Amino acid sequence: MSVKIQMCDLVGQYRKIQPEVDEAMSQVINTSSFINGPQVGEFKTNLEKYTGAKHVIPCGNGTDALQIALMALGLQPGDEVIVPAFTYVAAAEVIGLLRLVPVMVDVDYDSFNVTLEHIQKGWSAKTKAIIPVHLFGQSCPMEEITDFAAEHHLYVIEDNAQAIGASCTFSDRSKKQAGTIGHIGCTSFFPTKNLGCFGDGGAMMTNDDALAEKLRMITVHGQKMKYRHEVLGCNSRLDTLQAAMLNVKLKYLDKYSQHRYQAAQFYSRELKSVHEIEIPKEMPYSSHVYHQYTIKVKDGKRDGLKKYLSEQGVPSMVYYPVSLDEQNAFKGIAKKAGTLDISGKLTASVLSLPMHTELSEEQQAYIVSAIKAFFG
Ligand SMILES: *Cc1c(COP(=O)(O)O)cnc(C)c1O
């Protein structure tokens, strides 16, 4: 292989837009407006235009976004919030930190995401909110989820850290971007996310004016006016440097998503005949921005395949090796909605292959042939 295969090639991506990024960064440095410089406001507007959300509120990272979103809802300790068991820890963690009760529900085997059926199993009279996570780049079925939420007066906070740019289709054929459908959408600009910055960053989105105002206040110590603190808040900001480079990268996001999609089609074409694995399924109600290309490896062969690939110079990752209900941190804190069999099954079989905007067909052909060689 002429170029070393990586899970995510950030340097390669940077090289292609280097002059533009460097210029944007040096503009910030030359004015030294590192906190709340004009680029932050520009990015807010650019992301509002891109997503169609009425309000974007930038913040320090995706985990903060989820925490601030929950803080804005005025929930009481002991109130229950439904989250998937098979996902990244952030959503469940902030629920627990705020002394709310994470109710962990199972996920759909095909999409890795929660559906109405799973949410219904976690629902009780104490449920106040749902956090659907749009895992690996595909939206949850949001129409049925928001309908259920409206019926039971629940808040919906979308964890859209992995699916920025994906759109969800409704039964009247209208489309909305993931992250703009519930009461609040949260996203992360962690470097390896589909829209990543050069450090930590995050944002919240909402179409609700009153919620937007609350979210904004909470990010600045609960103040509306300087030194007047209306509520308890925190300090969570998107650095001007990060906003400046996100302004550059946002212009390329659709192109990046297309590249990921094409790479995914290549994998799926080549791997669908390998009987020992299952390729990812695309759901009819969502587009897919392939934050991860995640296969399921049958018959307990996942770890063997991972090791073999690594020996062939092909990195791969297990997202996620342990479901949240099995994590020590949630002992005595979380509730489980029934048996979480699918989540358990997924943790034992999933394997994410290299997926990024610089992946070449030559690299992919090599990866595919290594997988085929392993299964002989
Ligand atoms: C990355 C991620 C987060 C957290 O984002 P940070 O910016 O790292 O705090 C939350 N949820 C999901 C699903 C993620 O993938």
Side-chain angles (χ1 to χ4, degrees), residues 7-8 10 43 47 56-71 81-98 102 104-105 107-108 111-114 129-140 142 156-166 178-179 181-182 184-205 215 218-219 234-239 241-243 245-246 249 260 286 288-294 317-324 327 329-330 343 346-347 350 352 355-356:
M7 275 308 281
C8 185
L10 294 178
F43 176 63
L47 194 61
V56 165
I57 299 97
C59 66
N61 59 68
T63 309
D64 276 7
L66 289 161
Q67 178 172 332
I68 294 162
L70 279 173
M71 286 167 78
V81 182
I82 295 173
V83 270
F86 180 75
T87 186
Y88 187 61
V89 69
E93 183 179 41
V94 297
I95 296 167
L97 276 175
L98 295 172
M104 294 175 178
V105 300
V107 297
D108 174 55
S111 66
F112 307 102
N113 278 334
V114 291
I130 310 168
I131 306 189
V133 182
H134 306 308
L135 209 64
F136 300 153
Q138 199 164 215
S139 171
C140 296
M142 289 307 288
V156 177
I157 298 177
E158 301 172 71
D159 180 344
N160 196 33
Q162 299 192 3
I164 193 155
I181 304 162
I184 305 172
C186 298
T187 198
S188 163
F189 307 120
F190 185 82
T192 57
K193 306 283 174 170
N194 287 28
L195 179 62
C197 60
F198 286 178
D200 277 310
M204 295 160 284
M205 292 162 211
L215 294 169
I218 295 171
T219 61
C234 55
N235 171 28
S236 187
R237 300 183 277 236
L238 182 69
D239 291 342
L241 279 169
Q242 304 301 351
M245 73 96 39
L246 285 167
K249 267 183 130 177
R260 288 173 178 274
S286 178
H288 206 320
V289 293
Y290 283 100
H291 176 60
Q292 298 295 340
Y293 185 90
T294 303
M317 294 292 278
V318 175
Y319 301 120
Y320 295 90
V322 182
S323 66
L324 296 182
Q327 302 280 3
F330 294 106
S343 297
L346 290 172
T347 57
V350 288
S352 296
M355 172 51 78
H356 54 80

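Order of appearance sets the numbers: ligands from 1, and atoms from 1 within every ligand. These numbers come from a predicted model, not from an experiment.
- Atom CG of Leu135 sits about 8.0 Å away from atom SG of Cys140, to the nearest 0.5 Å.
- For Ser352 against Met7, the heavy-atom pair with the smallest separation is O-CE, 3.5 Å.
- Once rounded to the nearest 0.5 Å, the distance linking CD1 of Ile57 with OG1 of Thr219 reads 8.0 Å.
- In plain terms, the two heavy atoms of Val289 and Gln162 that are nearest each other are CG2-O, 4.1 Å.
- The minimum heavy-atom distance linking Ala69 with Met204 is given by the pair N-SD, 4.2 Å.
- For the atom pair CD of Gln292 and CG of Asn194, the computed distance is 8.5 Å after rounding to the nearest 0.5 Å.
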Can you give me a line-by-line list of nitrogen or oxygen pairs between ligand 1 and the protein shorter than 3.5 Å?
unit_1	atom_1	unit_2	atom_2	d
ligand 1	5 (O)	Ser188	OG	3.3
ligand 1	7 (O)	Gly62	N	2.8
ligand 1	7 (O)	Ser188	OG	2.7
ligand 1	9 (O)	Asn61	OD1	3.4
ligand 1	9 (O)	Gly62	N	3.4
ligand 1	9 (O)	Thr63	N	2.9
ligand 1	9 (O)	Thr63	OG1	2.5
ligand 1	11 (N)	Asp159	OD1	3.3
ligand 1	11 (N)	Asp159	OD2	2.7
ligand 1	15 (O)	Gln162	NE2	2.8
ligand 1	15 (O)	Lys193	NZ	2.6

